[in-house]
Q: 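Sharing a structure, written as structure tokens. Questions coming.
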Amino acid sequence: MYGRREFILGATSLATSAVGVAGVTKGAGDPIVIAHCCDPQFGMGKPRDGVNITAEGYASDLRRCEAEIEILNSIRPDLVFFAGDMTHRADDVTRDWPRLLGKLKVPFTVAPGNHDVGDSLIGKWTDRFVSVFGREY
């Protein structure tokens with residue numbers, strides 16, 4: 001497990017390498033713009049039936065995220081960093097994210113949250129996460 005300092009240093013390093021991979025050339029002193037998006041957590045939004053995920057709640061979260069992707073594509077940050085909990089249930093990670101990530105026209109990285117891979121890092125959920133988002137750190 002990494003502490004906050006190690007995570008920030010790793011994310012900064014990753015941002016720098018991702019910008020280079022994307023072919024973005026930055027001059028000395030030019031800022032690197034990182035969009036930080038956290039907890040999309042599809043299925044956590046309203047309306048919800050108590051604690052249960054409803055089709056309408058999931059759909060409203062999905063529409064919100066599609067609008068956010070349009071905004072991200074229009075502002076063109078150097079990197080989009082998703083800070084985990086991409087869905088409320090780990091089983092839903094493969095449901096819409098592959099299509100959504102295909103719409104994103106800027107470099108991105110995703111850190112897994114406990115809703116994505118489980119609190120105990122259960123192998124099947126970690127494998128599923130990696131199949132959609134790439135390496136988990």
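Count residues from 1 along the sequence.
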Q: For residues Ser60 and Gly57, report the shortest heavy-atom separation together with the two atoms involved.
A: OG-O, 2.9 Å
Q: Over all heavy atoms of both residues, which pair between Gly84 and Pro40 is shortest? Give the atoms and the distance, please.
A: O-CD, 3.6 Å
Q: Using every non-hydrogen atom in the two residues, find where Arg76 and Asn73 come nearest and quote the distance to one decimal.
A: CG-O, 3.0 Å
Q: What is the minimum heavy-atom distance between Phe81 and Ile34, and which atoms define it?
A: CB-CG2, 4.2 Å
Q: Would you tabulate the side-chain donor-acceptor contacts of residues 96-108 under 3.5 Å, counting partners in other chains and residues two or more places apart, or write 'none'?
A:
| from | atom 1 | to | atom 2 | distance (Å) |
| --- | --- | --- | --- | --- |
| Asp96 | OD2 | Tyr58 | OH | 2.7 |
| Trp97 | NE1 | Met86 | O | 3.1 |
| Arg99 | NH1 | Glu66 | OE2 | 3.0 |
| Arg99 | NH2 | Glu66 | OE2 | 3.0 |

Q: Applying salt bridge (Lys or Arg N to Asp or Glu O under 4.0 Å), can you list everything that pairs with Glu70, at least two apart in sequence or on another chain?
A: none
Q: Counting only N and O atoms by type, is there a donor-acceptor contact under 3.5 Å from the side chain of Asp85 to the main-chain atoms of His115?
A: yes
Q: Output the distance between atom CZ (Phe42) and atom CG (Leu62), rounded to the nearest 0.5 Å.
A: 5.0 Å
Q: In chain order, what residues pass the salt bridge (Lys or Arg N to Asp or Glu O under 4.0 Å) check against Arg64, with sequence neighbours excluded?
A: Asp61, Glu68
Q: Determine whether Ser131 and Val93 satisfy the following criterion, side chain to side chain contact (heavy atoms under 4.5 Å, CB included), listing intermediate values before the conclusion.
A: CA-CA 10 Å; Ser131 76; Val93 164; over 6 Å; no
Q: Might you point out which heavy atoms bring Phe129 and Ala111 nearest each other, and give the distance in Å?
A: CZ-C, 4.1 Å
Q: Between Asp78 and Val33, is there a donor-acceptor pair closer than 3.5 Å when you use the side chain of the first and the backbone of the second?
A: yes
Q: How long is the gap from CZ on Phe82 to CG on Asp39, to the nearest 0.5 Å?
A: 12.0 Å
Q: Give a yes or no answer on whether the side chain of His88 reaches the backbone of Gly43 with a donor-acceptor pair at less than 3.5 Å.
A: no
Q: Suppose we screen for side-chain contact (heavy atoms from CB on, under 4.5 Å). Which residues come up paired with Ala59, at least two apart in sequence or across chains?
A: Arg63
